[in-house]
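Here is the structure we will look at.
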There are 2 protein chains.
Amino acid sequence: MRRHNSALVLDAIAAGPGSSRAAVAARTGLTKATVSSLVDRMIGAGLVVEGEAQARPGPGRRGTALHLSPSGPHGLGVEIGVDYIATCLVDLTGRVRKRWLRPSDNRASSPGRVLAKVATAVRTAVREEVPIGGLGVAVPGLVESASGTLRVAPNLGWREVDVRGELDRRIGLDVPVLVGNEANLAALAELWHGDGAADFVHVSGEIGIGAGIVVDAQLFEGVSGFGGEIGHLPVDPRGPRCPCGSRGCLERLAGQDEMVRAAGVSGPEELLTRLAAGDRTALMAVRSAAKWLGVALSAAVNLLDLPTVVLGGTYARLEPWLREPLEAELANRVMSAEWAPVRVVASSLGAEAAVRGAAGGAVRAILADPDPYVASVLA
Amino acid sequence: MRRHNSALVLDAIAAGPGSSRAAVAARTGLTKATVSSLVDRMIGAGLVVEGEAQARPGPGRRGTALHLSPSGPHGLGVEIGVDYIATCLVDLTGRVRKRWLRPSDNRASSPGRVLAKVATAVRTAVREEVPIGGLGVAVPGLVESASGTLRVAPNLGWREVDVRGELDRRIGLDVPVLVGNEANLAALAELWHGDGAADFVHVSGEIGIGAGIVVDAQLFEGVSGFGGEIGHLPVDPRGPRCPCGSRGCLERLAGQDEMVRAAGVSGPEELLTRLAAGDRTALMAVRSAAKWLGVALSAAVNLLDLPTVVLGGTYARLEPWLREPLEAELANRVMSAEWAPVRVVASSLGAEAAVRGAAGGAVRAILADPDPYVASVLA
DNA sequence: TGAGATAAGTTTAGGCATCAAACTTATTGG
DNA sequence: CCAATAAGTTTGATGCCTAAACTTATCTCA
């Protein structure tokens, strides 16, 4: 009962920062008395702080503003990329306190060695002297989220790695550890920090192509966490062979590597300069990727009836060149398109989305069900 | 609180019919005292009945078996087909008490005239003298389930029909009215009465092709209830024009009408006899439909990672001829297929699934949240 | 400047569902 | 027929919520 209502109240405060107790009561349908007692508990636990009394138009006592505490528990996010390890520390409101990025060729290292680096990164962040409420880890592969096990990460060459267990062992931190697929966490970050859309596919093009599907403000994980794995949708049955064993996979036709190869450049940075300069080969390469992306996305959009496509990762920066051909392809293939066209937008977080999602996920767990945390602090 | 626990307890009784109060307590984690009081309430409201005391292996008092009451509130389901109106009455356990089927060319009638017939069907069922706890209506079109409004039903030629409102007006029955898409309700029926699979796509081929997607024992409705509308997935970009305005829609290539046309027969019945007789044209027609079906289903299966495809409606009876080419197509196109092949099974309910789903949905609403019903009965 | 009006937030008394533990009832087996 | 065992009920305590009265703070108007 209290558990449920605590979540309700905290959610109201998060949704409307600066609300008074009375406003929260009106919003949640609880009585002022109940809200008062729950809020006091959460202030005691350091989740909520009181702010200035707000002005009001007419007569009457002014309400005291309530906010999520910026010095409350922080979420620590780590992203294990193919060639880097990114870390960031966010507070309850989602603001980034500090971030780190260190290059690391994880493809060439064993899981053990990489996780040791992750542990070092975590220890560095812990030195910031802010309370850590949870740890989130984003990995570019298939994750069984319940156990925190990485089943397979093709682009790292890893299989069956008990990420949660390993990290629990390597860092003495007694906090919940969330392990998630990089694309899924990026989609969640977009949900929390984006333009407010609650239904979309978020495609992030890094070395691989991942998609996170958000329906009704909830991540759609699919049956075995495999949901939304769009990278290996076979878009061209007669296309080139893919390391996964199939033919004409999206990733093979629209991934970063393929764009770079087709454009004849050294990497994504050069690709961007060439595009800006109007280089014909580069433009063609991106246009072709957009077309294949459109084929795969239209299947998702048709089936799940999603109104929005968010371009994340490398695709975010390529948006000016991707958008038009992608929208054309979608308009052609999506059945409800002429009635309600699919919106294509660039992610506001870009390549940073995954870490932000990992860090956010760690604190969101507290926000979604604060009572256990409150109880543990007050005990 | 009580509301939540009532649902918990009733769910335990439904899942394990014949359990004792003590067993339910163990299963739900509530105390025996709490379970006793909740069960007594539900017995009072006529949802639950006590059965014989069960034998037990050792010493100790025997528990009294608890069952969902077969004389409790019944669900009344009505299906508005293109050329028939089907009705059925089911009890809390899902057993069919009685069913009706009357031919009716609904394509040629106005919504008002058809809904008048539905009202008559409802009145007939009410004469059975069993308590009606809810009414479910299955329609072959796009439904906004919250309001009970039919947005559009291409195969009936209807648009914007307030089905719930109209029926509320025409029948004096004061019960909740559930309006749902025929394919979605059929999928739910399969979930409740099928072989226990909790994740599948259910495709039903009637005049149109509808799909219901069930993930984690929950119907996936999509953003605007449009989810899983597979009938107009464009499977062949260069295919024939479809009344919907697009080209090469699945429905146009694999629907009942197309199979019948391609086989050169008068209707589905004749198609079946010809198939049984080994008629070459009929076999080819079905094989082609299976191929297109495979194209559309593989997109769904890839994206949602579903392990099972259920053939419903007319397809259920065609399963012996559909299965092999369909499985071949899926094996080819589904990425995870060689690792975990997609199972193709025939629906156990066939053409009856939609009515069953409508009737079941009406009572499930009570099972899922019994307290309001209990309160209203005891008041 | 002060009384009246208005609204925020707190206190208090009461209700209701749950739980733990004691108790009653039913059954088996020596 | 009595000890052991388990189902189900009764009882008293606890915790959380609510309604309603109360206190505090602020504005407005005379």
Side-chain angles (χ1 to χ4, degrees), chain A residues 1-10 12-13 16-45 48-67 369-372 374-375 378-379, chain B residues 1-10 12-13 16-45 48-67 369-372 374-375 378-379:
Chain A
M1 185 91 258
R2 187 175 63 188
R3 189 164 171 177
H4 179 243
N5 287 340
S6 295
L8 214 60
V9 166
L10 197 56
I13 295 172
S19 312
S20 64
R21 290 167 173 79
V24 170
R27 181 172 196 142
T28 58
L30 300 169
T31 60
K32 287 187 294 170
T34 305
V35 171
S36 257
S37 96
L38 293 176
V39 164
D40 289 352
R41 251 176 84 84
M42 295 199 277
I43 289 176
V48 172
V49 287
E50 293 189 327
E52 288 300 289
Q54 332 129 301
R56 57 169 14 281
R61 177 172 169 177
R62 294 185 287 192
T64 27
L66 298 172
H67 298 275
D369 184 17
D371 201 58
V374 171
L378 298 183
Chain B
M1 183 93 258
R2 186 174 66 187
R3 190 163 171 176
H4 179 242
N5 287 340
S6 295
L8 214 62
V9 166
L10 196 57
I13 295 173
S19 311
S20 65
R21 288 169 175 77
V24 170
R27 182 175 195 137
T28 57
L30 301 170
T31 61
K32 288 189 294 171
T34 305
V35 171
S36 258
S37 95
L38 292 176
V39 164
D40 289 353
R41 249 176 86 85
M42 294 200 276
I43 289 177
V48 172
V49 287
E50 293 190 327
E52 288 299 289
Q54 331 127 304
R56 56 169 17 278
R61 177 174 170 176
R62 295 186 286 190
T64 28
L66 297 171
H67 297 276
D369 185 17
D371 201 58
V374 171
L378 298 183

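Keep in mind the model is a prediction, meaning the values are calculated, not measured.
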Enumerate, atom names and distances included, each donor-acceptor pair closer than 3.5 Å involving a side-chain atom of residues 29-39 of chain A, sequence neighbours excluded.
unit_1	atom_1	unit_2	atom_2	d
A:Thr31	OG1	A:Thr34	N	3.3
A:Thr31	OG1	A:Thr34	OG1	2.9
A:Ser37	OG	A:Thr34	O	3.3

[atom1]-[atom2] distance between [X] and [Y], expressed to the nearest 0.5 angstrom:
X: B:His67; Y: B:Glu52; atom1: NE2; atom2: CD; value: 9.0 Å
X: A:Met42; Y: A:Leu378; atom1: CE; atom2: CG; value: 11.0 Å
X: A:Glu50; Y: A:Ser20; atom1: CD; atom2: OG; value: 11.0 Å
X: B:Arg21; Y: B:Leu66; atom1: CZ; atom2: CG; value: 5.5 Å
X: A:Leu8; Y: A:Ile13; atom1: CG; atom2: CD1; value: 10.5 Å

Inset, instruction - Round to a whole Å and report the spacing from CZ of B:Arg2 to C1' of D:dC17. - result: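 It works out to 14 Å between those atoms.
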
Legend entry - Interatomic distance, A:His4 NE2 vs D:dC17 P [rounded to whole Å]: 11 Å

Legend entry - Where A:Pro370 and A:Ala7 come nearest, the two heavy atoms and their spacing: CD-CA, 3.6 Å

Legend entry - Residue-level proximity of residues 24-41 of chain B to DNA chain D when a heavy atom falls under 4.0 Å: B:Lys32, B:Ala33, B:Ser36

N/O contacts under 3.5 Å, protein versus nucleotides 1-5 of chain D?
unit_1	atom_1	unit_2	atom_2	d
D:dT5	O2	B:Gly60	N	3.2

Inset, instruction - Go through the structure and list residues passing side chain to side chain contact (heavy atoms under 4.5 Å, CB included) with B:Arg3, not counting sequence neighbours. - result: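 Partners of B:Arg3 by the side chain to side chain contact (heavy atoms under 4.5 Å, CB included) criterion, ordered by chain and then number, come out as B:Asp369, B:Asp371, B:Pro372.
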
Inset, instruction - Would you mind reporting whether A:Arg2 and A:Arg41 have side-chain heavy atoms less than 4.5 Å apart? - result: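 A side-chain contact exists here, since the closest heavy-atom pair is under 4.5 Å.
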
Legend entry - For B:Arg56, all residues meeting salt bridge (Lys or Arg N to Asp or Glu O under 4.0 Å), sequence neighbours excluded: none

Inset, instruction - Would you indicate, yes or no, if D:dC17 has its OP1 or OP2 atom less than 4.0 angstrom from a side-chain nitrogen or oxygen of A:Asn5? - result: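 It does, given that an N or O in the side chain of A:Asn5 lies less than 4.0 Å from OP1 or OP2 of D:dC17.
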
Inset, instruction - Anything under 4.0 Å to a heavy atom of chain B counts; send over the first and last such nucleotide of DNA chain C, read 5' to 3'. - result: C:dA17 to C:dT28

